[in-house]
Amino acid sequence: MARVQRQALKAVGNGPPGKKAEAPPEPVELSTALKRAIESMSHDRLKALVKHYCKSIEPLRNKLEKKLLVAGREVVRYHIDSDSENDQNSENESSEEEEEEEANGSYNDSDELDEDKEPRKKLKPIAAADSEMVPKYATCLNCKTEFDVTLNDRGDCRWHSGEKEAYHDDDFWADHDEDCHGDIDSFIDDFDYAEGFKWSCCDELGDNEGCKSTKHKATVNEIRNCGRRFDVYDNEAKSCLHHSRGVDIDNEGEHWCDWDEDCHGDIWSLRDDPDHADGFMWSCCEGPLDDPGCQRRRHEL
């Protein structure tokens with residue numbers, strides 16, 4: 001008896017009847033010449049090309065937004081503007097309870113305790129509103145490395161709060177003639193001359209990784225109510241004048257009446273532009289951006 005030949009299985013789609021399922025596009029191999037062109041071009045030119053094609057190619061724009069943007073509520077907070085930030089050991093000695101408080105803020109006073117519902121924690125304010133989209137990657141202001149603002153733990157950043165200075169108390173520079181060998185400060189970042197420098201904050205040699213161990217710090221994740229340093233022992237009930245929420249677009253005013261984002265660009269990209277300050281407001285009180293604050297309280301640690 002002859003064997004029946006098996007037929008190949010056909011792909012089954014989940015779409016409407018009569019319509020074939022669309023297969024995902026296969027990746028395209030870049031030419032060697034194009035790879036070299038991308039690797040060799042300047043950062044400014046590459047940024048300009050990305051912006052240009054994001055305006056005209058919607059799928060590219062959507063994919064980059066998913067990869068590069070996150071909501072403000074997802075940003076891991078970094079507490080600044082207290083005396084503890086400049087203390088060499090305080091960041092290493094902070095407890096887990098303090099870490100959790102910095103990340104989540106205090107309990108919302110308006111939430112009532114009941115049998116089925118736990119009090120909701122309110123995030124401490126940063127420059128971005130909870131629903132505002134912000135860059136997912138930022139450069140740390142302390143260690144100068146790039147980091148993911150949603151993945152930022154204490155100890156990820158090692159840095160020095162002081163300055164690297166020439167160390168003349170040892171014999172390292174004894175035979176160094178600046179007229180012949182060059183200015184000593186010109187070797188400050190040269191690894192081979194690390195023993196000739198010390199950090200003013202901890203008196204460690206120039207190649208020391210860092211005397212402080214903290215989260216990464218950037219403009220987008222800083223918790224700062226009023227933006228001023230304060231003495232923890234002189235903190236009155238109404239010392240801190242601040243805004244409780246972030247900046248929002250003022251859609252009620254006339255500033256953006258004739259604004260076309262397809263033509264003039266994204267409005268949020270102009271948030272820090274002084275020429276467009278009238279087009280934004282504080283979401284907590286709808287006050288102008290130059291308003292120093294709408295609430296008073298003690299400075300928060």
Side-chain angles (χ1 to χ4, degrees), residues 6-16 18-72 74-76 78 127-128 132-153 155-160 164 182 185-194 206-210 214-221 259-273:
R6 298 180 64 183
Q7 295 182 353
L9 295 176
K10 295 182 178 180
V12 178
N14 294 324
K19 186 177 181 180
K20 294 183 179 180
E22 294 183 3
E26 295 196 9
V28 177
E29 181 66 26
L30 299 181
S31 67
T32 302
L34 181 56
K35 289 179 182 178
R36 289 175 179 171
I38 294 173
E39 292 292 337
S40 61
M41 75 171 59
S42 67
H43 290 171
D44 289 339
R45 184 178 299 278
L46 181 59
K47 291 176 183 177
L49 285 174
V50 171
K51 291 178 182 178
H52 172 75
Y53 287 113
C54 278
K55 292 179 181 178
S56 57
I57 306 176
E58 185 178 1
L60 173 63
R61 182 171 66 249
N62 293 339
K63 286 189 176 182
L64 285 178
E65 286 177 345
K66 289 181 180 179
K67 288 286 187 180
L68 301 178
L69 300 178
V70 294
E74 299 180 39
V75 176
V76 178
Y78 179 98
E132 181 184 344
M133 302 305 290
V134 298
K136 184 177 182 180
Y137 301 98
T139 299
C140 179
L141 297 174
N142 290 327
C143 68
K144 312 304 180 187
T145 59
E146 185 183 65
F147 70 101
D148 184 335
V149 299
T150 67
L151 302 172
N152 189 14
D153 296 325
D156 286 352
C157 179
R158 295 294 302 273
W159 58 288
H160 290 280
K164 191 189 292 188
D185 288 338
S186 66
F187 300 96
I188 196 167
D189 294 321
D190 191 323
F191 182 80
D192 293 333
Y193 291 82
D207 59 352
N208 182 267
E209 183 180 9
T214 67
K215 297 176 184 177
H216 290 295
K217 169 185 175 181
T219 303
V220 70
N221 71 343
W259 191 269
D260 184 353
E261 288 194 328
D262 293 335
C263 177
H264 303 110
D266 179 46
I267 291 178
W268 276 114
S269 66
L270 303 169
R271 187 183 64 182
D272 298 324
D273 190 330

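Atom set for the values below is all heavy atoms of this structure, side chains included, hydrogens, waters and symmetry mates excluded.
- Rounding to the nearest 0.5 Å gives a distance of 11.5 Å between SG of Cys54 and CG of Asp266.
- When every heavy atom of Val75 is checked against every heavy atom of Val220, the shortest pair comes out as CG1-O, 4.1 Å.
- Looking at residues two or more places apart in sequence or on another chain, you find no side chain to side chain contact (heavy atoms under 4.5 Å, CB included) involving Lys63.
- Trp159 CH2 to Leu141 CG: the interatomic distance, rounded to the nearest 0.5 Å, is 10.0 Å.
- In this structure a side-chain-to-backbone donor-acceptor pair under 3.5 Å is missing from Lys217 to Tyr78.
- Annotation: the span from Asp153 atom CG to Thr214 atom OG1 amounts to 11.5 Å, rounded to 0.5 Å.
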Please output the side-chain donor-acceptor pairs of residues 38-50 that fall under 3.5 Å, not counting sequence neighbours, one pair per line with the distance.
from	atom 1	to	atom 2	distance (Å)
Ser40	OG	Arg36	O	2.8
Ser40	OG	Ala37	O	3.3
Ser42	OG	Arg45	N	3.2

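- Between the OH atom of Tyr137 and the CG atom of Leu151 there is a distance of 8.0 Å, given to the nearest 0.5 Å.
- With rounding to the nearest 0.5 Å, the separation of CZ in Arg158 from SG in Cys140 is 13.0 Å.
- Contact record, His160 with Glu209: NE2-C, 3.9 Å, taken as the closest heavy-atom pair.
- For Thr150, the side chain to side chain contact (heavy atoms under 4.5 Å, CB included) criterion is met by Val70, Glu74, Lys136, Asp148, not counting sequence neighbours.
- Pairs engaging residues 26-35 under the side-chain hydrogen bond (donor to acceptor under 3.5 Å, both in side chains) rule: Glu29-Lys35 [sequence neighbours left out].
- Asp156 is linked by a side-chain hydrogen bond (donor to acceptor under 3.5 Å, both in side chains) to nothing, counting only residues two or more places apart in sequence or in another chain.
- By the ring pair (Phe, Tyr, Trp, His ring centres under 6.0 Å) test, Phe147 pairs with His216, sequence neighbours left out.
- For the side chain to side chain contact (heavy atoms under 4.5 Å, CB included) test, residues two or more places apart in sequence or in another chain that qualify with Asp192 are Asp190.
- Residue Asn142 comes nearest to Cys157 through the heavy atom pair CB-SG, 4.0 Å, listed as atom of the first residue, atom of the second, then distance.
- Here the closest non-hydrogen pair linking Val149 and Ala138 is CG1-CB, 4.0 Å.
- Put simply, the side chain of Trp259 gets close to the backbone of Gly265: a donor and an acceptor are under 3.5 Å apart.
- Take Glu58 and apply the side chain to side chain contact (heavy atoms under 4.5 Å, CB included) test, not counting sequence neighbours, and it matches Arg61, Asn62.
- Closest of all the heavy-atom pairs between Lys164 and Asp189 is NZ-OD1, 4.0 Å.
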